[in-house]
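Fair warning: this is a prediction, and the values are worked out from it, not measured in the lab.
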Amino acid sequence: MPKVALGQFRFMNREDESARVAVVGGGIAGLACAHVLSQGGHRVTVFEKSRGVGGRMSTRRGDGWQCDHGAPDFQAHDAKFAGEVARWTAAGAVAPWPARVVSLSLGMPPVATPSVTRYVGVPGMTMPARLLAAGVKTVTATTINALIREDHFWRLSSVESGLVDDRFDIVVVGVPSPQAVPLLERPAPDLAHAAASARMRPVWVVMAQCEGDADLGFDAAVVNAGPLGWIASDTSKPGRTGHGTWALHASSAWTDAHLEEAPEDVARMLVAAFRELGGPAVHAATAHRWRYAVPLEPRGDDAPGYMWRAQDGIGVCGDWLASGSVEGAWLSGSRLGEAIQRSLMSQACEPRAEPQVVEQSS
């Protein structure tokens, strides 16, 4: 993995020693990096292709229902991330979810799993992302498709409007590895090669609106066989309102086998599997495919979790460089932000050249 080299690029805005930073991707990793740099006094712009920030920290809402159809919850093991979760909790964006989680096998009674502290966004999973984005300039519905190095700065191009007007000292790529590769191929082929080696698994998720609020005796379950891998009652989470709704996550093997199926067929098949497990009747269901959901071979959160090339001011972060979890995404982005800060501070400490006085003869 590329090593960090300090203090080799130049500020475009040397007068106030702040840098202009473009972050491509408004998921937790990109937003965590943006938050660190914004708090450090730098001018950060986040570009996100969707209508809002959060990535897989996502909540779908409909007429009288809502469902977290991406990350169902998250845990905090790392001390720094635990401190960040405490900040989110104090701000009212997060709350513990005292879920009754079981292990399910077809034809067998549920088996309780060991108790762990799980957290969810309140009133939806997008709230931690919105908190990280507060005070940071965010441009949504903008798909960045090219990074262009010009002299000592970066230009960005988008599918929607072509070349972005602003110029940046630093660019951060915080998108899933398959989406990072085409952005990095021309300006940073070594980083593109590293991203290409990180494969990601897809996941189908069905948002099932149930008839009534039947209590199955558990709030979430690891499913050990069949099409499903995880099911969770969204209604059991704190701060939720509306009709009883379950998120039905397909297993990796089933998703691979049905990746290109029509969403309505996926919804029908996963609802049938849910009913076989004892789930209540479902009156409406919507399927969503996450093509790049989790890394196939996740790394530990003790790994660096980012790539940073200071000589030309380009960095990469994402959960695929860490554990694949919400915690891993936050650690990746935060650590990259801190590495960039160290580079900027190193450069700011370099002595400035004194202005030369040239005598002219008359």
Exercise. Any chance you could measure Leu216, atom CG, to Leu277, atom CG, to the nearest 0.5 Å?
Key: 9.5 Å
Exercise. Evaluate side-chain contact (heavy atoms from CB on, under 4.5 Å) for Met207 paired with His69, printing each intermediate quantity in order.
Key: CA-CA 7 Å; Met207 296 153 272; His69 64 299; 3.6 Å; yes
Quiz item: Transitively linked via ILVMFWY side-chain contacts under 4.5 Å: Leu131 with Tyr119?
Solution: yes
Quiz prompt | Over all atoms of both residues, closest heavy-atom pair of His42 and Ala19 | solution = ND1-N, 3.0 Å
Practice problem: Taking the side chain as every heavy atom from C-beta outward, state whether Pro187 and Ile148 have any pair of such atoms under 4.5 Å apart. | Solution: no
Quiz prompt | Residues Asp73, Lys237: salt bridge by 4.0 Å N-O rule | solution = no
Practice problem: Looking only at non-hydrogen atoms, find the nearest pair between Val203 and Ala293 and report the distance. | Solution: CG2-CB, 3.7 Å
Practice problem: Verify, without hydrogens or angle tests, whether Trp88 (side chain) and Gly121 (backbone) share a donor-acceptor contact under 3.5 angstrom. | Solution: no
Quiz item: What closest approach, in Å, do Met200 and Asp319 show between heavy atoms, and which atom pair accounts for it?
Solution: CE-OD1, 4.1 Å
Quiz item: Out of curiosity, Glu338 CD to Leu336 CG, how far, rounded to the nearest 0.5 Å?
Solution: 9.5 Å
Quiz prompt | side-chain contact (heavy atoms from CB on, under 4.5 Å) between Trp308 and Ser343, worked out | solution = CA-CA 10 Å; Trp308 168 233; Ser343 291; 2.9 Å; yes
Self-check item: Selection residues 23-39 - residue pairs positive for side-chain hydrogen bond (donor to acceptor under 3.5 Å, both in side chains), sequence neighbours left out
Solution: none
Quiz item: Would you call Arg118 and Asp219 a salt bridge, taking side-chain N to carboxylate O under 4.0 Å as the test?
Solution: no
Exercise. Output yes when a side-chain donor or acceptor of Thr235 lies under 3.5 Å from a complementary backbone atom of Thr245, and no otherwise.
Key: yes
Quiz item: Can you check whether Arg199 reaches Trp320 side chain to side chain, under 4.5 Å on heavy atoms?
Solution: no
Quiz item: What is the distance from atom CE of Met57 to atom CE of Met127, rounded to the nearest 0.5 Å?
Solution: 10.5 Å
Quiz item: Taking the side chain from Ser197 and the backbone from Ala194, do they hold a donor-acceptor pair closer than 3.5 Å?
Solution: yes
Self-check item: Expected output: side-chain Gln66 to main-chain Gly242 donor-acceptor under 3.5 Å
Solution: no
Practice problem: Keeping the roles fixed (side chain from Arg155, backbone from Val164), state whether a donor-acceptor pair exists under 3.5 Å. | Solution: yes
Quiz item: If you measure only the distance, is there a donor-acceptor pair under 3.5 Å linking the side chains of Glu160 and Thr143?
Solution: yes
Practice problem: Is it possible for you to say whether Trp204 and Val206 belong to one hydrophobic cluster, with membership spreading through side-chain heavy-atom contacts below 4.5 Å? | Solution: yes
Quiz item: Going hydrophobic residue to hydrophobic residue with side-chain gaps under 4.5 angstrom, can you get from Leu321 over to Val181?
Solution: no
Practice problem: For His249 and Pro72, work out which heavy atoms get closest and say how close. | Solution: CE1-CD, 4.3 Å
Exercise. Indicate if Val36 and Val172 have the same hydrophobic cluster label, given that clusters are the connected sets of ILVMFWY residues with side-chain heavy-atom separations under 4.5 angstrom.
Key: no
Quiz item: Could you state the interatomic distance from CH2 (Trp290) to OG1 (Thr255), rounded to the nearest 0.5 Å?
Solution: 13.5 Å
Self-check item: Euclidean distance, Ser332 OG relative to Ile28 CD1, rounded to 0.5 Å
Solution: 12.0 Å
Quiz item: Taking the six-membered ring for Trp, are Phe47 and Phe168 parallel (under 30°), tilted (30 to 60°) or perpendicular (over 60°)?
Solution: perpendicular
Self-check item: Pair Asp215 + Arg100, salt bridge at N-O below 4.0 Å
Solution: yes
Output a table of donor-acceptor pairs, distance under 3.5 Å, between side-chain atoms of residues 220-230 and any protein atom two or more places apart or on a different chain; print 'none' if there are none.
unit_1	atom_1	unit_2	atom_2	d
Asn224	ND2	Ser103	OG	2.7
Asn224	ND2	Leu104	O	3.1
Asn224	ND2	Ser105	OG	3.2

Practice problem: State whether the number of non-hydrogen atoms from other residues, nucleotides or ligands found under 6.0 Å of Arg186 atom CZ is greater than 12. | Solution: no
Quiz item: Is the backbone of Thr140 close enough, under 3.5 Å, to the side chain of Thr142 for a donor and an acceptor to pair up by distance?
Solution: yes
Exercise. Taking only Lys NZ, Arg NE, NH1 and NH2, and the carboxylate oxygens of Asp or Glu, determine whether Arg87 and Glu84 approach each other closer than 4.0 Å.
Key: yes
Self-check item: Glu48 and Ser50 side chains, donor-acceptor separation under 3.5 Å
Solution: yes
Quiz item: Hey, are the side chains of Arg20 and Asp169 touching, using non-hydrogen atoms and a 4.5 Å cut-off?
Solution: yes
Quiz item: Taking all non-hydrogen atoms of both residues, which atom of Ser323 and which atom of Gly328 are closest, and how far apart?
Solution: OG-CA, 3.6 Å
For residues 258-276, tabulate all N or O donor-acceptor pairs below 3.5 Å that involve a side-chain atom, not counting sequence neighbours.
unit_1	atom_1	unit_2	atom_2	d
His258	ND1	Trp254	O	2.9
Glu260	OE1	Arg289	NH1	3.2
Glu260	OE2	Arg291	NH2	3.4
Arg275	NH1	Gly279	O	2.8

Self-check item: Flag, side chain of Thr45 to backbone of Arg43, donor-acceptor distance under 3.5 Å
Solution: no
Quiz item: How long is the gap from CG on Leu37 to OG on Ser18, to the nearest 0.5 Å?
Solution: 11.5 Å
Quiz item: Taking a hydrophobic cluster as the set of Ile, Leu, Val, Met, Phe, Trp and Tyr residues connected by side-chain heavy atoms closer than 4.5 Å, whether directly or through intermediates, do Val101 and Phe218 fall within one such cluster?
Solution: no
Exercise. Compare every heavy atom of Val120 with every heavy atom of Arg240, then report the nearest pair and how far apart it is.
Key: NH1-CG2, 3.9 Å
Quiz item: Are the side chain of Trp154 and the backbone N or O of Ile314 linked by a donor-acceptor pair below 3.5 Å?
Solution: no
Practice problem: Walk me through it: do Trp330 and Val85 pass the test side-chain contact (heavy atoms from CB on, under 4.5 Å)? | Solution: CA-CA 10 Å; Trp330 184 87; Val85 172; over 6 Å; no
Quiz item: If we only count heavy atoms from C-beta on, is the Val24 to Val175 side-chain gap below 4.5 Å?
Solution: yes
Quiz item: Can you list the steps and then say if Asp68 with Thr59 is a side-chain contact (heavy atoms from CB on, under 4.5 Å)?
Solution: CA-CA 4 Å; Asp68 299 331; Thr59 301; 2.7 Å; yes
Quiz prompt | Over 12 foreign heavy atoms within 6.0 Å of NE2, His193 | solution = no
